[in-house]
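Structure first, commentary second.
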Number of protein chains: 2
Amino acid sequence: MTQAASNLRIDRPPQTLREMALERMRSAIIAGYFKSGERLVERSLCDQLGVSRSVVREVIRYLEAEGLVESQHNKGPTVASLSWEQARQIYRIRLQLERDAAAACAEVADAATKAELERALKALEKAFAVGQTMGLFDATTRFYEVIFRSAGHDIAWEIVQRLNSRISRLRGLTLATKDRHVSGHARMAQICQAILDNDPEAAAQSVEEHLTEAAAIARRLLQAESDAEEER
Amino acid sequence: MTQAASNLRIDRPPQTLREMALERMRSAIIAGYFKSGERLVERSLCDQLGVSRSVVREVIRYLEAEGLVESQHNKGPTVASLSWEQARQIYRIRLQLERDAAAACAEVADAATKAELERALKALEKAFAVGQTMGLFDATTRFYEVIFRSAGHDIAWEIVQRLNSRISRLRGLTLATKDRHVSGHARMAQICQAILDNDPEAAAQSVEEHLTEAAAIARRLLQAESDAEEER
DNA sequence: TGTGGTATGTTGGTATACCGTCTGACGGAA
DNA sequence: TTCCGTCAGACGGTATACCAACATACCACA
């Protein structure tokens with residue numbers, strides 16, 4: 001009966017225009033369709049998204065709260081830009097939260113979790129092989145999601161995702177780096193192994209190394225970019 | 001001249017109606033003026049705030065992103081309610097971030113920072129003596145702000161503040177507890193001392209004790225409340 | 001070249017209207 | 001009395017028109 005009932009259920013898309021517009025805008029910013037610092041003109045967004053100004057404005061408010069968009073009085077919203085200082089802080093916060101999550105996950109991981117984690121790692125390997133940045137992005141996200149979710153750290157996961165979207169540009173650059181292809185994968189495998197062994201200490205340690213490395217690469221890239229900017 | 005120029009400057013409140021409405025709504029929720037789970041009817045909020053529906057809706061979107069308000073499709077926004085599970089997670093995240101901030105602060109604290117911290121602690125003592133919950137609230141916030149800011153953890157501070165606003169009801173209950181008056185103050189002093197000594201380890205340790213204690217009290221209160229609910 | 005005025009575009013904010021959904025009240029049937 | 005269907009009103013979701021304040025770019029004039 002329960003089964004029948006759940007099959008009978010009419011699940012209309014419980015999605016509002018606003019939610020769809022939000023998704024689009026968010027991924028557009030993350031994907032770099034809107035450049036950092038670019039102005040977001042309400043009316044032109046209305047045209048591009050095909051929705052009314054009310055919707056656009058509400059979406060912008062939401063993204064503003066997420067830190068993806070900045071608004072100045074009477075100047076309108078712009079895509080948030082990221083200084084190295086901010087990026088540094090974000091990597092540090094991620095370190096705290098991911099370390100804790102990995103340790104917690106390693107503590108409680110059961111067979112099902114481990115299987116799922118291995119699947120995620122397999123997918124990650126495949127994505128590394130293909131080399132498509134977007135695919136890597138998703139696979140990495142998936143891998144961490146398993147860790148956070150199984151550790152019961154949903155709220156922390158949400159925070160980390162939000163932080164990640166703020167440094168998405170950096171993450172893209174980082175993932176595209178050659179050496180990252182090798183070491184990144186090795187680090188992930190290391191984290192995975194530690195969890196499979198139910199070894200919280202090792203898991204925390206691996207996460208720490210992984211993130212420290214990522215931050216260092218990000219810093220180098222950002223530095224190089226700003227140097228190039230100055231030369232110009 | 002620079003002085004004169006800066007004095008001449010007309011600094012009009014760069015505040016929009018929306019921002020003011022946002023502040024009001026946020027503090028109304030934190031102060032408990034709107035109960036947890038209560039529906040927020042847009043049109044009645046318009047009357048109460050004296051602004052138009054657009055503004056109200058944008059504010060609600062913002063609060064939704066902050067996690068203070070929840071919306072269901074075609075049901076409208078409600079004040080977010082908090083389960084113990086969520087509260088647990090929030091305390092855990094705070095632990096990670098506050099511990100790191102305190103340690104970082106202890107590492108870099110100079111004379112000026114220390115002086116400011118001591119001032120904050122003095123204010124805290126006074127607030128404890130007065131016993132006004134709201135004053136305690138502000139003083140505690142101020143104390144932690146000094147720590148986070150001087151450690152250069154602005155983003156983490158923003159996150160912590162947001163988390164705190166989500167557990168504001170719990171914090172209110174916790175602060176009102178009798179034993180908290182004593183031990184809370186002792187803990188704060190301990191944290192402060194560790195920073196004055198530039199001892200990161202001790203600072204982290206003190207924060208950990210303080211927060212673990214707070215979480216335990218919160219849990220007890222929440223449990224008692226839900227028990228009382230069931231009896232009813 | 002610099003100054004001041006002007007035109008244009010954009011935002012912040014408001015009012016209003018319309019539709020679809022939800023909810024609760026009312027009234028009739030079993 | 002209880003159950004159930006219907007219906008009206010409340011409310012959210014969306015669209016649109018309008019206005020004032022402001023910012024910016026441009027232009028003409030000294």
Side-chain angles (χ1 to χ4, degrees), chain A residues 5 8-26 28-29 34-81, chain B residues 1 5 8-26 28-29 34-35 37-81:
Chain A
L8 275 182
R9 170 162 216 92
I10 301 169
D11 49 347
R12 329 161 246 200
Q15 240 190 340
T16 59
L17 260 187
R18 185 176 9 106
E19 286 170 89
M20 294 191 288
L22 176 61
E23 282 308 315
R24 298 258 174 133
M25 282 299 296
R26 197 191 346 242
I29 293 176
F34 296 109
K35 307 296 174 209
S36 185
E38 183 174 342
R39 286 193 57 184
L40 297 171
V41 180
E42 294 180 359
R43 267 130 177 133
S44 95
L45 288 179
C46 294
D47 294 343
Q48 293 183 265
L49 291 168
V51 296
S52 75
R53 235 181 111 207
S54 333
V55 174
V56 168
R57 290 180 61 113
E58 288 177 35
V59 165
I60 287 178
R61 271 343 129 212
Y62 200 99
L63 293 171
E64 198 180 336
E66 281 189 352
L68 246 47
V69 161
E70 286 165 351
S71 277
Q72 278 177 20
H73 187 52
N74 275 326
K75 286 247 189 83
T78 57
V79 179
S81 56
Chain B
M1 181 57 204
L8 274 182
R9 171 162 213 90
I10 301 169
D11 48 346
R12 352 161 223 198
Q15 241 189 341
T16 59
L17 260 187
R18 189 173 5 102
E19 286 170 87
M20 295 191 289
L22 176 61
E23 281 309 315
R24 298 256 174 133
M25 282 297 297
R26 201 196 337 249
I29 292 177
F34 297 109
K35 306 296 175 212
E38 183 173 342
R39 285 194 60 184
L40 298 171
V41 180
E42 295 178 1
R43 283 162 172 99
S44 93
L45 288 179
C46 294
D47 293 342
Q48 296 186 51
L49 291 168
V51 297
S52 74
R53 229 176 124 203
S54 330
V55 174
V56 168
R57 288 182 60 101
E58 288 176 37
V59 166
I60 286 177
R61 274 339 130 215
Y62 200 99
L63 293 172
E64 200 181 335
E66 282 189 352
L68 245 48
V69 162
E70 288 166 350
S71 278
Q72 279 178 19
H73 186 53
N74 273 325
K75 285 247 187 80
T78 55
V79 178
S81 55

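Naming: A, B, ... by sequence-line order, numbering from 1 per chain. These values consider heavy atoms only, across backbone and side chains, with no hydrogens, waters or symmetry-generated copies. Computed from a predicted model, the values in this text were never measured in an experiment.
A side-chain donor-acceptor contact under 3.5 Å links A:Glu19 to the backbone of A:Thr16. A:Glu58 places no side-chain N or O within 3.5 Å of a backbone atom of A:Val55 that could act as its donor or acceptor partner. B:Arg18 places no side-chain N or O within donor-acceptor distance of the main-chain N or O of B:Ser54, the cut-off being under 3.5 Å.
We find that CD of B:Glu42 is positioned 15 Å from C1' of C:dT14, with the value rounded to whole Å. Whole-Å rounding puts the B:His73 NE2 to D:dG12 P distance at 13 Å. Distance, B:Lys75 NZ to D:dG13 P: 12 Å, rounded to whole Å. Atom CG of B:Leu49 is separated from atom P of C:dG13 by 13 Å (rounded to the nearest Å). For the pair A:Asn74 CG and D:dA21 P, the computed distance is 11 Å after rounding to whole Å. In this structure, the CD atom of A:Gln72 is 15 Å from the C1' atom of C:dG12, given to the nearest Å. Going from atom CZ of B:Arg39 over to atom C1' of C:dG24 covers 13 Å, rounded to whole Å. For A:Met20 and D:dT14, the CE to C1' distance is 12 Å, given to the nearest whole Å.
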Got a list of protein N/O to nucleotides 15-18 of chain C N/O distances below 3.5 Å?
none

Under 3.5 Å, N/O pairs linking protein and nucleotides 6-8 of chain C:
none

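Each of B:Glu70, B:Lys35, B:Gln72, B:Glu38 was compared with B:Thr78 under the side-chain contact (heavy atoms from CB on, under 4.5 Å) criterion, and only B:Glu70 meets it.
Ion pairing of B:Arg61 with B:Glu64 is present here, as a side-chain N (NZ or NE/NH1/NH2) and a carboxylate O approach within less than 4.0 Å.
Taking every side-chain heavy atom of B:Val41 into account, D:dC11 is the closest of D:dG13, C:dG12, D:dC11. When each of C:dG12, D:dT14, D:dG12 is scored by its nearest atom to the side-chain atoms of A:Thr16, the top-ranked nucleotide is D:dT14.
Across all strands, A:Arg57 comes closer than 4.0 Å to base atoms (heavy-atom distances). Among the protein residues, B:Leu40 comes within range of the sugar-phosphate backbone only, with heavy atoms under 4.0 Å from sugar or phosphate atoms but none that close to a base.
Taking all atoms of both residues into account, the shortest heavy-atom contact from A:Gly67 to A:Ala80 is O-CB, 3.5 Å. Contact record, A:Cys46 with A:Ser52: SG-C, 3.8 Å, taken as the closest heavy-atom pair. Considering every non-hydrogen atom in both B:Glu42 and B:Val56, the closest pair reads O-CG1, 4.2 Å.
Sparse packing is recorded around CZ of A:Arg24, with 12 or fewer heavy atoms of other residues, nucleotides or ligands lying under 6.0 Å away.
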